[in-house]
Amino acid sequence: KQEVTQIPAALSVPEGENLVLNCSFTDSAIYNLQWFRQDPGKGLTSLLLIQSSQREQTSGRLNASLDKSSGRSTLYIAASQPGDSATYLCAVLDPPNKLIFGTGTRLQVFP
Amino acid sequence: EAGVAQSPRYKIIEKRQSVAFWCNPISGHATLYWYQQILGQGPKLLIQFQNNGVVDDSQLPKDRFSAERLKGVDSTLKIQPAKLEDSAVYLCASSTHYEQYFGPGTRLTVT
């Protein structure tokens with residue numbers, strides 16, 4: 001049974017810091033891995049999707065890497081801003097088509 | 001392109017009452033999902049539809065939860081009777097291939 005773990009559960013940093021969020025999964029037979037952002041009381045916004053054949057994806061200040069063999073992914077946020085404050089969720093797509101989520105990292109960036 | 005629509009956004013009911021949620025997926029998306037997200041946890045899949053048919057409902061508490069997707073477009077999720085532990089955000093998502101797009105969710109509070 002696939003299990004997805006995210007570390008740390010919460011993170012509070014000053015504005016401008018570069019930070020890394022970690023995600024690990026137990027079964028490497030995945031189709032893809034996605035990072036989502038969730039603001040309080042809101043739905044999920046997809047940030048980055050990495051196909052199983054890819055090693056990383058970048059969008060603006062965000063970079064996500066995937067190491068399938070070790071069951072790990074990292075989300076790197078450069079030059080953090082208060083607007084980055086949110087919960088970040090990692091999810092893996094298991095065959096045939098089931099998305100399994102981690103419990104999230106709650107990020108607070110203070111001015 | 002319009003996103004996934006859900007209503008209502010918020011609902012407060014007493015235990016043992018019934019409630020229904022509505023979802024309209026992105027046009028042309030054959031696959032529709034309902035997730036339950038309890039506070040502090042990642043979303044958990046309740047049911048997955050492919051057009052009109054159910055693909056996966058293994059985690060749906062069938063004694064009290066039901067869902068339908070008539071005509072392969074809109075879907076409703078019903079809880080009857082509600083329990084206190086059903087308090088959560090109910091998210092609807094749709095997809096064509098392997099990327100899911102989420103609606104804003106319905107926050108249910110059972111008192």
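None of the values given here were measured: they were computed from a predicted structure. Lettering follows sequence order; numbering is per chain, from 1.
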If hydrophobic clusters are built by linking Ile, Leu, Val, Met, Phe, Trp and Tyr wherever their side-chain heavy atoms come under 4.5 Å apart, do [X] and [Y] end up in the same one?
X      : Y       : value
I47(B) : Y101(B) : no
L46(B) : V54(B)  : yes
Y88(A) : L33(A)  : yes
L91(B) : L93(A)  : yes
L77(B) : V73(B)  : no

[atom1]-[atom2] distance between [X] and [Y], expressed to the nearest 0.5 angstrom:
X       : Y      : atom1 : atom2 : value
R107(B) : K42(A) : CZ    : NZ    : 11.0 Å
K98(A)  : L45(B) : NZ    : CG    : 6.0 Å
L99(A)  : Y35(B) : CG    : OH    : 4.5 Å

Practice task
Under 4.5 Å, heavy atom to heavy atom: which of residues 102-111 of chain A reach chain B? Give them by number, or say none.
Solution key: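 From residues 102-111 of chain A, the residues near chain B are G102(A), T103(A).
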Exercise for the section: Spell out the residues in residues 45-62 of chain A that have some non-hydrogen atom less than 4.5 Å away from a non-hydrogen atom of chain B, in order of number; otherwise answer 'none'. Expected result: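 S46(A), L49(A) fall under the 4.5 Å cut-off.
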Quick one: what part of [X] sits under 4.5 Å from any heavy atom of chain A, side chain, backbone, both or neither?
X      : answer
Q48(B) : side chain
S58(B) : side chain
Q59(B) : side chain

Exercise for the section: Evaluate the side-chain proximity of N32(A) to E99(B): yes if any heavy-atom separation is below 4.5 Å, no if none is. Expected result: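 No. Closest side-chain heavy atoms not under 4.5 Å.
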Please say whether more than 12 non-hydrogen atoms of neighbouring residues, nucleotides or ligands are located less than 6.0 Å from [atom1] in [X].
X      : atom1 : value
R72(A) : CZ    : no
L39(B) : CG    : no
K71(B) : NZ    : no

Practice task
Identify the heavy atoms of L89(A) and G42(B) that sit nearest to each other, and give their distance.
Solution key: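 Closest heavy-atom pair between L89(A) and G42(B): CD2-CA, 4.2 Å.
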Handout entry: Donor-acceptor pair between Q37(B) and Q38(A) side chains, under 3.5 angstrom
Key =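 Yes, Q38(A) and Q37(B) have a side-chain donor paired with an acceptor closer than 3.5 Å.
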